[in-house]
Undergrad: 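Handing you a structure now.
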Amino acid sequence: MHVVTTIAGSDSGGGAGIQADLKTFQELHVFGTSVITALTAQNTLGVSGVLPIEAAFIQQQFFALLEDFDIRAVKTGMLFSADIIHSIAQILQHKQLPLVVDPVMIAKGGASLLQQQAIEAMRSELLPLATILTPNIPEAETLTGQHIETVDDIHRAAQTLLQVGGQCIIIKGGHFECSTTATDYVFFQDGRAWMMTMPRIETLNTHGTGCTFSAALTAFLGNGLPIEQAIIEAKKFIHLAITHDLKLGHGHGPTNHFAYQQYQGSCEVIVHEA
Ligand SMILES: Nc1ncnc2c1ncn2[C@@H]1O[C@H](COP(=O)(O)OP(=O)(O)O)[C@@H](O)[C@H]1O
Ligand SMILES: Cc1ncc(COP(=O)(O)OP(=O)(O)O)c(N)n1
C-alpha cells in the first residue's frame, strides 16, 4: 500500500478539498494522509467562512507525516496565504517528491480561497517545485497575466508556465463553457503537447472537479504509473465522476467518487496531439 499526501483546505460539504482528495485516494487504493491548511464552512451553495491554520502548525502536520511514512506523491490544493505557501515550499524544496500543484484560487460560488497577496508566492515559490501543475483557465490567466480566449492563447500561457518549472502543465478546459467538449490541454517540458477531449456533461454537479482530478493524478503517480498514463486515467476518473453524479445538495453538487470503480471499463479518453 503506497502512501500519498494532500496539503489542502477542508470542505465541510465533502465535495472538494481534503474530503474529495481522501475519497479519491481511497477509491484508487492508495493510503491517504493530509496536511490541513484551512477550514472552510461550505456546502453546495457556497463558502460562508474560512479559517486558516497557523503556518507553524501546518509545518508540524507535514513533519509528522514525513518522519513516519514513505510518501510516494504529494498534491497541494487550497493554500490561502503567502505564509502558508512559504511554510509548505520550505519543506518541499528539500524533498524529491512527485508533486501535483492545483493552484486553487476561487470556489465555484465566487469565494476567494487564495489571498491576492499570495499569488506571487505561488508563482515564485511553489510552481518551480511542481511535477505537474493543473490550473483551470482563470488560474492560468492569473498566473501568467495573459488573457485566454482561444486555443492559441492556451498554448502561449502554457509556454509561459513551463518556463517557471514543472515537467508538465495541464490547462483544464472546464471553464470553456461555450464548448461542447471538456478538453484539457497537456504540455510537457520536452515539447510534446496533447489535447484530452471528452463530451461536456450538462450538469450543475461539478463542485470539486479540479480537486478530484488532481487527487486522482496524485494517486496514480503514487502507485507508480508513468506520468502520461496517470494523466489519462485521472481524466477518466473525473469524467466518470461527473457523468454519474450523485445529485446531493441544492447548488453545485459534488461529483461521484465511486464511479470509476464501477464504470472504468466503459470509458475511453480521446487523446490527440495539440
Ligand atoms: N461539464 C463537464 N463535463 C465534463 N467534464 C468536465 C465538466 N466540467 C469540468 N470538467 C472536467 O473536470 C476537470 C476539472 O476541470 P475544471 O472544472 O476546469 O477545474 P476546476 O474545478 O479547477 O475549475 C477537467 O478535466 C475538465 O475538463
Ligand atoms: C476547501 C476547498 N478547496 C478547494 C476548493 C475548490 O475546488 P475545485 O475543485 O476548484 O472546485 P469548485 O469549488 O470550483 O467547484 C473548494 N471549493 N474548497
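Any value given below was found using the heavy atoms of this structure, including those in side chains, with hydrogens, waters and symmetry copies removed. Predicted model only: the values in this text are computed from it and were never measured. Along the sequence shown, residues are numbered consecutively beginning with 1. Remember, it's 1-based here, ligands and their atoms both numbered in the order they're listed.
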Undergrad: Ignoring hydrogens, just give me the one of Ala216, Ala241, Ala182, Ala234 whose non-hydrogen atom is nearest atom 4 (C) of ligand 1.
TA: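 Going through Ala216, Ala241, Ala182, Ala234 one by one, Ala182 has the nearest heavy atom to atom 4 (C) of ligand 1.
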
Undergrad: At under 4.0 Å between heavy atoms, is it the side chain or the backbone of Val47 that contacts ligand 2, or both, or neither?
TA: neither

Undergrad: Check Glu273 with Arg192, please: is the shortest side-chain N to carboxylate O separation under 4.0 Å?
TA: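 No, Arg192 and Glu273 are not salt-bridged.
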
Undergrad: Do any nitrogen or oxygen atoms of Cys211 lie less than 3.5 angstrom from nitrogen or oxygen atoms of ligand 2?
TA: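 So ligand 2 has an N or O lying under 3.5 Å from an N or O of Cys211.
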
Undergrad: Give the atom numbers and elements of ligand 2 that come within less than 4.0 Å of a heavy atom of Ser10.
TA: 1 (C)

Undergrad: Just which atoms of ligand 2 are under 4.0 Å from any heavy atom in Val104?
TA: 4 (C)

Undergrad: Does His252 have a heavy atom less than 4.0 Å from any atom of ligand 2?
TA: no

Undergrad: Any nitrogen or oxygen of Gly210, side chain or backbone, less than 3.5 Å from one on ligand 1?
TA: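 N/O-N/O distance below 3.5 Å exists for this pair.
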
Undergrad: Which of the atoms in ligand 2, numbered in the order shown and given with their element, are less than 4.0 Å from a heavy-atom of Thr206?
TA: 15 (O)

Undergrad: Kindly identify the option in Ala107, Gly208, Ala16, Gly46 whose heavy atom sits closest to atom 11 (O) of ligand 2.
TA: Gly208

Undergrad: If you measure every N or O of Lys108 against every N or O of ligand 2, does any of those distances drop under 3.5 Å?
TA: yes

Undergrad: Give yes if a backbone or side-chain nitrogen or oxygen of Gln42 is under 3.5 Å from a nitrogen or oxygen of ligand 2, and no if not.
TA: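 N/O-N/O distance under 3.5 Å: yes.
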
Undergrad: Identify the protein heavy atom lying closest to atom 1 (C) of ligand 2, giving its residue, its atom name and the separation to 0.1 Å.
TA: Gly9 O, 3.4 Å

Undergrad: Does one side chain, of Thr5 or Thr33, offer a donor that lies under 3.5 Å from an acceptor on the other?
TA: yes

Undergrad: For ligand 1, is Pro199 a contact, meaning one of its heavy atoms is under 4.0 Å away?
TA: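 Within the 4.0 Å threshold, so yes.
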
Undergrad: Select the closest option to atom 19 (O) of ligand 1 among Lys172, Met105, Glu139, judged by heavy-atom distance.
TA: Lys172

Undergrad: Among all the protein's non-hydrogen atoms, which is closest to atom 10 (N) of ligand 1, and how far away is it?
TA: Ile242 CD1, 3.5 Å

Undergrad: Would you mind telling me which of Val100, Asp102, Leu217, Leu133 makes a side chain to side chain contact (heavy atoms under 4.5 Å, CB included) with Ile170?
TA: Leu217

Undergrad: Say whether Lys235 and ligand 1 are in contact under the criterion: heavy-atom distance to a ligand atom below 4.0 Å.
TA: yes

Undergrad: Run the numbers on Gln146 and Glu141 for side chain to side chain contact (heavy atoms under 4.5 Å, CB included), then give the verdict.
TA: CA-CA 5 Å; Gln146 296 165 12; Glu141 290 185 312; over 6 Å; no

Undergrad: Consider every N or O of Gly210 and every N or O of ligand 2, then say whether any pair is closer than 3.5 Å.
TA: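 N/O-N/O distance under 3.5 Å: yes.
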
Undergrad: Check for a donor-acceptor pair, side chain of His2 on one end and backbone N or O of Arg72 on the other, with a separation under 3.5 Å.
TA: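 No, the answer is negative, given that no donor and acceptor are paired below the 3.5 Å cut-off.
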
Undergrad: Can you pull out the closest protein heavy atom to atom 8 (N) of ligand 1? Residue, atom name and distance to 0.1 Å, please.
TA: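 Nearest protein contact, heavy atoms only, for atom 8 (N) of ligand 1 is Gly174 CA, 4.0 Å.
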
Undergrad: Would Leu113 count as being in polar contact with ligand 2, using the rule that some N or O on each side must be under 3.5 angstrom apart?
TA: no

Undergrad: Does the ring-ring contact (aromatic ring centres under 6.0 Å, His included) test come out yes or no for Phe258 and His244, once each step is laid out?
TA: CA-CA 9 Å; Phe258 300 108; His244 301 280; over 10 Å; no

Undergrad: Determine yes or no for a side-chain-to-main-chain donor-acceptor pair under 3.5 angstrom, with Asp21 supplying the side chain and Lys75 the backbone.
TA: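 No, the answer is negative, given that no donor and acceptor are paired below the 3.5 Å cut-off.
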
